[in-house]
There are 2 protein chains.
Amino acid sequence: MMISERQDKILALIQKRGRISIRELQELLLVSVSTMRRDLDKLADEGLVKRIHGGVELLSQHPTLQPEIAIADKTKLNQPSKQQIALTAIAQLQGGETLYLDAGTTTGAMITLLGQVTPAPLVVTNSVHHASQLADLMVPVVVIGGQVKLSTNATVGMTAAEQLGQLAFDVSFIGADAIDLTAGITTPDLEEAAIKRLVIAHSRHAFVLADASKFNQRAFAKVADLEEVTIITEPNSATELASYQTKTQLKIGDQS
Amino acid sequence: MMISERQDKILALIQKRGRISIRELQELLLVSVSTMRRDLDKLADEGLVKRIHGGVELLSQHPTLQPEIAIADKTKLNQPSKQQIALTAIAQLQGGETLYLDAGTTTGAMITLLGQVTPAPLVVTNSVHHASQLADLMVPVVVIGGQVKLSTNATVGMTAAEQLGQLAFDVSFIGADAIDLTAGITTPDLEEAAIKRLVIAHSRHAFVLADASKFNQRAFAKVADLEEVTIITEPNSATELASYQTKTQLKIGDQS
DNA sequence: TGTGAATGAATGTTTTTGAATGAAAAACGT
DNA sequence: ACGTTTTTCATTCAAAAACATTCATTCACA
């Protein structure tokens, strides 16, 4: 990413949040702390933001009283396997695609990486959480409307299905709850399964993201047959992935 | 390929993307880095683009610095007044309503309070940020789908309008950018104004939330006449609120 | 064949970056 | 309140990336 592009994103984030830590910026934009520090010092020199200990804030803001709506994300269980799967998934992109991003933590690991893709893809998602994060990173995003399921922050239901039915995707990345040789891809929730099915039907190519623990599991509602999708997973000795090779396509992250 | 033809393509790409790296241009047009460098230097000399380290960008407008940001800056001021306004707004609820919550920081101050209302209301919003927070607080929420405006994290456009058109609200809370005795409620963005108008039209009772700095200001796009809404604001000596009393309804927070 | 523009590669220089270090500041525990 | 621990900061250094410059080759056209 180019310097001015990165600094524009920093400015946009500050405008939206009023105040943001150097640490968070650094993690969102995937650069070192040193580089982020230099960027912020430069922006402060130009008089665009105010430098404070630990981060930056808007010039006009009064430091005395902070609202700090910090209820947001804490689930930064940065499991290396999720990160690895996300990297493999991103590698399927060329840039500029119209893609669907399913709700869930595994697909969520793709978000910061999506902010790096050029040209920026158009991301459609049913997760309000993902949508908010992507917008913060200045990634063009369309959110599927409807009732938000409180357990997953994802929209489901008729309104969502209707809106989805009018769209078509180059690529979709679906989170998986359970993968089985005969049952295929399944998930516990009936409504979420319906959304996932619809997405797959409207995608030129559908990828299912799953860590090793999801294999040889079955859940209630059918999402897809193995033949319909490509599964992106991690290298894993426990699961006998070879038997899946015959029924579906597999992308396995590097053992690095 | 002829030189001018190649340079036209470069210009078209920059026009479309706003900013592009020398590496990407070089790969797209299948020439050496040296040649691409020469092209870009020439275009920069002619004043057609701005040369930056690693690539080129449009020279005209800075992507993030839009006119409305100036007004958005003001909303970052006066945190306690926002809290006071939010409290007054919540006091209008009885519990169990179907309500609309507009995007913006002032309406955002209502979020934690909404988590306390019993029975829980159904909250409809066009802000993916608000939707995410409300879902975290287990408040039933419906999000309006559509393209997310990156500067405000709110959905706008045709899809959003369509979906809104099918809903009706007991109460709506709208954020205001500018309030004027003769111009009424206005806002800088045309698309957001359209959404706000639609919401007001579908609400039994519409409230506009505004701190003192919003009064006697005018912006580009009309949202509503003063007669259509009730304004919730703060006690404020500077603004002559009395003159507004005759044109609209006012709810003013306690001086506590 | 000669000429000049355009190109790609090679060269050394400048800018950008990430890591390392110790100093300063904030947060913490008692 | 006080000393300790953690975090943030400024500075420095080396590696990587981007840069300007030079030079030899190619190609169109006289």
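Chain letters run A, B, ... following the sequence lines, proteins first, then strands; residues in each count from 1.
If you take CG of B:D41 and P of C:dA6, they are 14 Å apart, rounded to a whole angstrom. Between B:E5 atom CD and C:dA6 atom P the separation is 15 Å, expressed in whole Å.
Within a 6.0 Å radius of CZ in B:R23, other residues, nucleotides and ligands contribute 12 heavy atoms or fewer. The 12-atom threshold is exceeded at CD of B:E27, counting heavy atoms of other residues, nucleotides or ligands nearer than 6.0 Å.
Under the side-chain contact (heavy atoms from CB on, under 4.5 Å) test applied with A:V143, the options B:N153, B:T155, B:T159 reduce to a single match, B:T155. Each of A:T187, A:N126, A:T152 was checked for a side chain to side chain donor-acceptor pair (under 3.5 Å) with A:E192, and the lone residue meeting it is A:T152. No option in B:R19, B:R51, B:R17 other than B:R19 meets the salt bridge (Lys or Arg N to Asp or Glu O under 4.0 Å) test with B:E57. The side-chain contact (heavy atoms from CB on, under 4.5 Å) with A:I20 is formed by just one residue from the set A:L25, A:V49, A:L58, A:L40; it is A:L25.
Residues from residues 20-29 of chain B with heavy atoms under 4.0 angstrom of DNA chain D, sorted by number: B:I22, B:R23.
Judged by distance alone, with hydrogens and angles left aside, the side-chain atoms of A:T107 form a donor-acceptor pair with the main-chain N or O of A:D102 at under 3.5 Å. With hydrogens and angles ignored, the 3.5 Å screen pairs no side-chain donor or acceptor of A:S203 with any backbone N or O of A:A206.
Applying the ring pair (Phe, Tyr, Trp, His ring centres under 6.0 Å) test to A:H205 and every residue at least two apart in sequence or in another chain returns A:F207. Residues meeting the side chain to side chain donor-acceptor pair (under 3.5 Å) test with A:Q7, sequence neighbours left out: A:D39, A:K42.
Side-chain contact between A:I22 and A:Q26 is absent, with no heavy-atom pair separated by less than 4.5 Å.
Residue contacts shown for A:L40 are absent, as no nucleic acid heavy atom lies under 4.0 Å away.
Comparing the local axis fitted to the first five base pairs of the helix from C:dT1-D:dA30 to C:dT30-D:dA1 with the one fitted to its last five gives a bend of 30°, rounded to 10°.
A salt bridge is absent between B:E191 and B:K149: the closest approach of a Lys/Arg side-chain nitrogen to an acidic carboxylate oxygen does not fall below 4.0 angstrom.
Heavy-atom contacts of chain A under 4.0 Å fall on DNA chain D between two terminal nucleotides, which in 5' to 3' order are D:dT8 to D:dC9.
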Which pairs, protein N/O on one side and nucleotides 15-17 of chain C N/O on the other, fall under 3.5 Å?
| residue | atom | partner | partner atom | Å |
| --- | --- | --- | --- | --- |
| C:dT17 | OP1 | A:R6 | NH1 | 2.9 |
| C:dT17 | OP1 | A:R6 | NH2 | 3.3 |
| C:dT17 | OP2 | A:R6 | NH2 | 3.3 |

Item to check | Worked check of side-chain contact (heavy atoms from CB on, under 4.5 Å) between B:M36 and B:I10 | outcome: CA-CA 9 Å; B:M36 190 49 59; B:I10 294 173; 3.6 Å; yes
